[in-house]
Number of protein chains: 4
Amino acid sequence: MPLLSSTSSISLLERIIPATFISDPATGRRRNAVSHDAILEATHGMLDEIGFDKLSLEGVAARAGVGKATIYRWWSNKSALAMEALLHAVEALPGIGDSGSARGDIEVYVTRLWQALRGGKGRLVRQMIALAQFDADSRRIFHDRYLMPRRLALIAVVRRGVERGEFRAGLDPDLVCELLYAPLMHRLLLGSAGIDEHQVRAHLDLVLGSIAAADPA
Amino acid sequence: MPLLSSTSSISLLERIIPATFISDPATGRRRNAVSHDAILEATHGMLDEIGFDKLSLEGVAARAGVGKATIYRWWSNKSALAMEALLHAVEALPGIGDSGSARGDIEVYVTRLWQALRGGKGRLVRQMIALAQFDADSRRIFHDRYLMPRRLALIAVVRRGVERGEFRAGLDPDLVCELLYAPLMHRLLLGSAGIDEHQVRAHLDLVLGSIAAADPA
Amino acid sequence: MPLLSSTSSISLLERIIPATFISDPATGRRRNAVSHDAILEATHGMLDEIGFDKLSLEGVAARAGVGKATIYRWWSNKSALAMEALLHAVEALPGIGDSGSARGDIEVYVTRLWQALRGGKGRLVRQMIALAQFDADSRRIFHDRYLMPRRLALIAVVRRGVERGEFRAGLDPDLVCELLYAPLMHRLLLGSAGIDEHQVRAHLDLVLGSIAAADPA
Amino acid sequence: MPLLSSTSSISLLERIIPATFISDPATGRRRNAVSHDAILEATHGMLDEIGFDKLSLEGVAARAGVGKATIYRWWSNKSALAMEALLHAVEALPGIGDSGSARGDIEVYVTRLWQALRGGKGRLVRQMIALAQFDADSRRIFHDRYLMPRRLALIAVVRRGVERGEFRAGLDPDLVCELLYAPLMHRLLLGSAGIDEHQVRAHLDLVLGSIAAADPA
DNA sequence: TCATAACCGAGACGGTACGTCTCGTCTTGGG
DNA sequence: CCCAAGACGAGACGTACCGTCTCGGTTATGA
């Protein structure tokens, strides 16, 4: 049973490790991995070229050299398929190092994130967020497989900073995380112009400044 | 981010008063305002009942008692129509008072905004933002007619606070505005749970605290 | 009142002399002859270029520089307009001379008719006949204004031939006329190839031979 | 006029067995014969009830319980569909017997044809001929599947008459055929009144008389 | 000499149908 | 049991015209 067509009672593990190749133990022929990959690749390519709303499963099937029924067998609808294809293309986590300075680690991480969103990945992420507004399944998948891993990584660094006394005690790491992420996303979604480096710096300075531990001096 | 991104040579006036109504009034039958309203109302009703992706212009035309061509005459596509219908339902600007305290004014305003988004309007705004990702026209309309007026109002208050010495000199009002708005929007779009009052308070305290003028004491 | 919109109680005279300009004696602006001509001309041109079924009154109005209502004021439907336009283009009667030999006159006349149908007029006539199958008004108009005048002229010659003793006594001129006309028309409508001169000659020889008075010798 | 106008390199077989059914039988779901028949039946019924120009493929699809695409898959346009539906309703060939007298056989055949055209079939044939004027495909279909078989049968009888010495040697059977058919068709299409029996007799007498072998007496 | 009435262009309107596209399902024959 | 191919019923798409209806403006009497 594929990941996306099950609406509940699936373990977190299964939600994070794609269930794609966990085959039905019953009799019969197993799922064809070649077709599966061709479908995702075709979907991703067409999203890139013509966008989500012009995407058709008919077109995907033709481009992937696959029967339409094969797609419907494994994905419940266009959104689910698109979301999975987009995740595939985006999934590599930019790691957060531990240089000793939480502030420095965050600055590097946010700057890298900004650079990624400025490029082609920004469009993919925008589309995923839009999909998530219309389809509860997609929303959950995006939250679990894209957003959460990145948040958790960032929250860990904030916690480290608090423990080391770099940041003020009593901080809510969730809130800090929100203040670091949200303006980037907001501009990605609604900014009429791009985001320039100077703005990112100012943003980081203000937020990181406001959570820094009081200078003992 | 510039407040007014003049991406083309279209005057501001033309962007706010839809060019639709600026045709040569000299000749031909005049546009029927009743149909216009019926279309927007039907669209809004159907968005509410069946959502954007099940919305069809065919259905809107039938419900509004209008020919399809009349819709296509005045709106370029489904997104543009939906965007305008949603704007109609949302357009009343929550005013920002001037109580003497910029901080107080902002707290009241953001709290009210949060309350509005928690209610039915939140869904509308989410849908508008999603639409804006797929269609450049819709994006521009949302930016000009929803986002900008609200930003301008908030920016004015921030400026007032700086002038009065409540907030630190040298602040970038755009950035502050982003820090106040974006987390709300981000949670609206992607938060798995709702936003509770405690989170809003903590958010306001952190941001407003960080821009307050240094205590002279 | 124009000719084509009245379905009955119109004198034959009015059917043959277009009533177009017999205006209502009441006050008010009179019909615009320029528009009238422009409409017929545009119709004829478009019939020639795109054929009857692709013809649209919308297109005629645009090409004639005329409001659609002006067309509807004077013609009841597309068929009626097309029929009148075609008649205008075809109306000149090829006269039948009186050389002294009825046989010779008929040979010349039928040959000329054949030549005319071979050219562009053939297509017009074909279209008129087709229209006549779908619309009773058009059928009557075609019969009265195209067919009958030509039949009457031919019948007169046949009568002359009988009176002079060239043709057998007791002939039914209607039947002879039919035998002369019908094969031409039939081939015009349904012949896969054109009609060649040799066929016309053979046709004339057979029919005229069969009605010739018995040789006294 | 050639009996078989080979205007293209399409084989006779392909013209008589619609190419529609000559697709690669190896792959994909097969054409649904039930739908095919339902479409033709619905078309025929609606032609009878509302006539050709009010016929809509939309209506045919609804009445046949069939998707519009299924009609467009198999017929190129309204004319082609109507033509095929009419042919279905008309297709039974009235046979020509061989009584020993070619003249008698022809008299019986033409009289029967006249009777058929006087009835409901006349309207169908008129409509088919009209369609043939607007659409080359329809024209070819009508020629091949309606006209030709009937012509060939009649021509065979004429030939038989010539061989037996009933008719004059050197006759052009095509021409005779035309003289027998065309007046009937012409009156069907354009006669203001019906065709009465007396006219048919006179017509037959004149034509058959003119081709009879000279009396040896 | 004007008021009246009908005409005219333009073009928006409620509709119908077009021919195309995609959806999600179904039938084939072949692996 | 899976798969490609592709026909199928359904129905929305965006376009083209239909025939009707305002509009503002233009003629041409006839009071």
Side-chain angles (χ1 to χ4, degrees), chain A residues 24 26-32 34-35 54-62 64-73 76-78, chain B residues 23-32 34-36 38 54-62 64-74 76-78, chain C residues 23-32 34-35 54-62 64-74 76-78, chain D residues 23-32 34-36 54-62 64-74 76-78:
Chain A
D24 185 8
T27 176
R29 187 173 173 181
R30 290 313 185 277
R31 177 169 183 179
N32 182 342
V34 175
S35 294
K54 310 227 159 181
L55 182 75
S56 70
L57 294 209
E58 201 108 18
V60 171
V66 138
K68 281 196 294 172
T70 303
I71 302 181
Y72 285 107
R73 236 191 301 279
S76 60
N77 57 53
K78 194 168 95 164
Chain B
S23 66
D24 179 9
T27 188
R29 184 174 175 175
R30 230 46 56 72
R31 179 169 184 181
N32 182 345
V34 174
S35 295
H36 176 260
K54 309 228 160 180
L55 182 74
S56 70
L57 295 210
E58 199 109 10
V60 171
V66 138
K68 277 198 292 175
T70 300
I71 302 183
Y72 285 106
R73 230 192 303 278
W74 303 114
S76 59
N77 56 55
K78 194 167 95 164
Chain C
S23 67
D24 187 18
T27 178
R29 181 177 178 177
R30 267 346 113 69
R31 178 168 184 181
N32 182 344
V34 175
S35 295
K54 309 227 161 181
L55 181 74
S56 71
L57 295 211
E58 201 110 13
V60 171
V66 138
K68 280 197 293 173
T70 302
I71 302 182
Y72 285 107
R73 235 192 300 278
W74 304 112
S76 60
N77 57 54
K78 192 168 96 164
Chain D
S23 67
D24 180 10
T27 187
R29 183 175 175 176
R30 232 42 61 73
R31 178 170 185 180
N32 182 346
V34 175
S35 295
H36 177 259
K54 310 228 159 180
L55 182 75
S56 70
L57 295 210
E58 200 109 12
V60 171
V66 139
K68 278 199 293 175
T70 301
I71 302 183
Y72 285 106
R73 229 191 304 279
W74 304 113
S76 59
N77 56 53
K78 194 167 94 164

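Numbered from 1 within each chain, the chains take letters A, B, ... in sequence-line order.
- Protein atom NZ of C/Lys68 is 8 Å distant from nucleotide atom C1' of E/dG11, rounded to whole Å.
- DNA chain F is contacted by both B/Leu55 and A/Gly67; A/Gly67 maps to the nucleotide lying nearer its 5′ end (nearest heavy atom per residue).
- Closest to the side chain of B/Thr27, from the set E/dC21, F/dC18, E/dG11, is E/dG11.
- Protein atom CZ of D/Arg30 is 10 Å distant from nucleotide atom P of F/dA7, rounded to whole Å.
- With the nearest nucleotide of DNA chain E identified for both C/Gly65 and D/Ser56, C/Gly65 has the one nearer the 5' end.
- The distance between atom OH of B/Tyr72 and atom C1' of E/dG15, rounded to the nearest whole Å, is 15 Å.
- For C/Thr70 and E/dG9, the shortest distance from a side-chain N or O to OP1 or OP2 is below 4.0 Å.
- Within the structure, every side-chain polar atom (N or O) of B/Ser35 is placed at least 4.0 Å from both OP1 and OP2 of E/dA12.
- Residue contacts shown for D/Ala69 include a base, since a base heavy atom lies under 4.0 Å away.
- Atom CG in D/Leu57 sits roughly 16 Å away from atom P in E/dC21 (whole-Å rounding).
- Going from atom NZ of D/Lys78 over to atom CG of D/Leu55 covers 5.5 Å, rounded to the nearest 0.5 Å.
- Here the closest non-hydrogen pair linking C/Gly67 and C/Ala61 is C-CB, 4.3 Å.
- Computed from coordinates, the B/Asn77 CG to F/dT15 C1' distance equals 16 Å when rounded to whole Å.
- The shortest non-hydrogen separation linking A/Val66 to A/Ile71 is CG1-CG1, 4.0 Å.
- If you take NZ of C/Lys54 and P of F/dC18, they are 14 Å apart, rounded to a whole angstrom.
- Listed pair B/Arg73 / E/dC13 meets the phosphate criterion, a side-chain N or O lying under 4.0 Å from OP1 or OP2.
- Between B/Trp74 and E/dG11 there is no side-chain N or O to OP1 or OP2 distance below 4.0 Å.
- In this structure, A/Glu58 atom CD and F/dA5 atom P are separated by 13 Å, rounded to whole Å.
- The interatomic distance linking D/Ile71 (CD1) with F/dA7 (P) rounds to 16 Å, in whole Å.
- A donor and an acceptor atom sit less than 3.5 Å apart, one in the side chain of D/Arg29 and one in the base of E/dC26.
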